[in-house]
Amino acid sequence: MNNSTALPISIRGLTKKYGDLNALNSVDLEIKSSEFLTLLGPSGSGKTTLLMAIAGFNRPDAGSIKFGDAEMVLTPPHKRDVGMVFQSYALFPHMTVSENIGFPLKLRGLAAKEVMGRVDEALATVQLSGLGDRAIDQLSGGQRQRVALARAFVFRPRILLMDEPLSALDKKLREHMQIELKQIHRQLGVTTVYVTHDQREALTMSDRIAVINHGELAQVDTPEAIYNRPKDQFVADFIGESTMLSLTRGGDGRLSFGSEIISSSSPNPSVSKWSLVVRPERLHLLEGDVNTSEKQVVFRGHVKEYVFQGETAFALIALDDVTILSVRFGTGAGSRIQLLEPGALVSVGLMREDIILIPQEGQT
Ligand code: ADP
Ligand code: MG
């Protein structure tokens with residue numbers, strides 16, 4: 001659903017310093033109306049600083065933040081009309097569920113009847129109908145987080161900001177809430193900026209992901225593009241598992257690993273050093289003698305370690321003395337995992353469509 005009051009956010013040259021530290025270094029980011037955009041990065045990368053700048057709780061040193069056409073940098077938080085959810089629920093413990101959710105409406109002077117109607121609507125959206133009279137301490141962690149969410153959107157903000165809202169929940173509940181939040185977002189259609197350090201959560205929930213590192217955006221893209229076409233080593237490392245193989249470039253521009261030609265030309269001639277990023281699940285076990293072809297690159301090596309993990313199995317394959325490929329396989333009947341005896345010589349194939357090349361660190 002598209003929400004007619006949802007607004008795009010346009011961030012230009014946003015810089016925030018703490019002493020000598022550039023917590024945000026000239027960040028440019030365009031967030032579309034009704035989009036679910038996730039800021040993903042390691043601890044200390046600047047996620048909260050950026051979110052707080054959007055909310056108006058910190059004042060940037062330079063740059064612009066627009067909601068629609070309106071410049072917000074000097075607008076105080078309570079006039080920005082954004083809903084916020086934090087990791088700690090920050091609910092009022094002495095109020096009931098309904099009183100908590102109705103609080104922002106009361107603050108805005110809505111009549112009691114209107115408040116009741118909207119609170120009931122919000123309770124239904126977060127699937128807490130009938131629990132309005134409960135005390136906060138009678139709720140589970142997941143239910144509390146839903147109350148915090150309902151309180152953040154009940155006044156129909158144009159923008160919803162969430163800072164690691166699920167990180168206090170256990171894994172099962174967190175995964176359940178990820179899907180639920182996504183559905184609620186679709187229902188509300190509100191422009192949403194979501195913060196997490198959990199790459200899987202970001203891939204699960206987002207329309208687009210903005211990967212942030214040391215206060216700079218490394219890549220902004222759809223989950224598929226971030227995973228399948230990471231731009232640099234940081235993104236390739238941070239999202240998903242991968243092995244990086246260092247390639248050599250021939251005089252003709254060819255990129256090779258050992259005797260296997262990975263690419264007939266370098267994607268960007270001005271970059272001399274390239275790595276091949278290999279995702280463990282993109283490799284497949286081959287039986288018999290199969291050579292590198294137009295369709296796939298074949299790696300040969302010895303099985304060093306084999307671990308059965310249920311739905312998948314995991315193997316480390318030594319290609320030479322220093323290079324170890326990490327490989328993930330399905331464990332079903334056709335999976336050929338019987339080949340993975342420790343010490344066995346095996347061949348694994350990588351389809352050419354699955355080749356990911358990135359410039360080596362320090363190269364652009
Ligand atoms: P994240 O949310 O990604 O973990 P933050 O945005 O909280 O990161 O912090 C980014 C960097 O700015 C970190 O190095 C952090 O230590 C620093 N920082 C954040 N807030 C302050 C502050 N109020 N004073 C000084 N340094 C801060
Ligand atoms: Mg943070």
Side-chain angles (χ1 to χ4, degrees), residues 9-31 35-65 72-77 80 82-91 141 144-145 148-149 151-152 159-171 174 177-178 181 185 191-221 223 226 230-240:
I9 305 172
S10 173
I11 295 168
R12 295 283 166 83
L14 200 70
T15 297
K16 174 75 187 172
K17 294 183 173 134
Y18 293 115
D20 286 344
L21 176 82
N22 266 353
L24 297 174
N25 190 13
S26 195
V27 169
D28 294 322
L29 180 61
E30 301 291 327
I31 304 164
E35 182 171 37
F36 193 113
L37 181 124
T38 298
L39 291 174
L40 171 67
S43 175
S45 56
K47 305 181 295 295
T48 296
T49 304
L50 181 51
L51 206 70
M52 288 301 166
I54 297 173
F57 292 114
N58 71 40
R59 175 77 54 88
D61 295 291
S64 149
I65 301 171
M72 287 289 141
V73 156
L74 298 175
T75 306
R80 293 196 187 191
V82 302
M84 286 211 73
V85 187
F86 302 95
Q87 176 185 345
S88 58
Y89 320 115
L91 296 172
R144 286 179 203 198
Q145 198 48 282
L149 177 65
R151 192 179 57 180
I159 287 161
L160 189 57
L161 306 177
M162 295 190 253
D163 196 349
E164 314 230 13
L166 305 182
S167 54
L169 307 178
D170 65 48
K171 182 165 181 284
R174 193 163 68 231
M177 287 295 293
Q178 287 167 3
L181 275 183
H185 168 259
T191 308
T192 301
V193 186
Y194 187 93
V195 162
T196 183
H197 64 271
D198 177 343
Q199 48 102 14
R200 210 173 167 74
E201 183 161 297
L203 292 170
T204 302
M205 301 183 74
S206 320
D207 293 319
R208 287 190 306 152
I209 299 171
V211 183
I212 184 168
N213 185 25
H214 294 308
E216 296 186 10
L217 296 185
Q219 186 167 357
V220 184
D221 249 320
I226 292 271
K231 276 194 185 149
D232 63 23
Q233 190 167 333
F234 177 79
V235 177
D237 254 342
F238 194 68
I239 288 115

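Nothing fancy with the numbering, it's 1 onward along the sequence. Keep in mind that the numbers below use all heavy atoms, side chains included, and drop hydrogens, waters and symmetry copies. For ligands, and for the atoms within them, numbers begin at 1 and follow the listed sequence.
- Closest approach of Pro165 to Val195, counting heavy atoms only: CD-O, 4.1 Å.
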Ile209/Gln199 under side-chain contact (heavy atoms from CB on, under 4.5 Å): CA gap, chis, key distance, verdict
CA-CA 10 Å; Ile209 299 171; Gln199 48 102 14; over 6 Å; no
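- Put simply, the side chain of Asp61 gets close to the backbone of Lys17: a donor and an acceptor are under 3.5 Å apart.
- Contacts of Phe238 classified as ring pair (Phe, Tyr, Trp, His ring centres under 6.0 Å), with partners at least two apart in sequence or in another chain: Phe234.
- For the Mg ion (ligand 2), the count of nearby protein N/O/S atoms, taking only those under 2.8 Å, is 1.
- Distance alone, capped at 3.5 Å, places no donor-acceptor pair between the Arg12 side chain and the Ser64 backbone.
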Below 3.5 Å, can you tabulate the donor-acceptor pairs from side chains in residues 38-47 to any protein atom, sequence neighbours excluded?
residue, atom, partner, partner atom, Å
Thr38, OG1, Ser206, OG, 2.6
Ser45, OG, Pro42, O, 2.7
Lys47, NZ, Gly41, O, 2.9
Lys47, NZ, Pro42, O, 2.9

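- Protein neighbours of ligand 1 below 4.0 Å, counting non-hydrogen atoms: Tyr18, Leu21, Ala23, Pro42, Ser43, Gly44, Ser45, Gly46, Lys47, Thr48, Thr49.
- A perpendicular orientation is assigned to the rings of His185 and Phe36, their planes being inclined by more than 60° (bins at 30° and 60°).
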Check the pair Leu14 / Leu29 against side-chain contact (heavy atoms from CB on, under 4.5 Å), numbers first and verdict last.
CA-CA 9 Å; Leu14 200 70; Leu29 180 61; over 6 Å; no
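- Checked against Arg80 for a side chain to side chain contact (heavy atoms under 4.5 Å, CB included), the options Thr75, Leu161, Ile159 give a single hit: Thr75.
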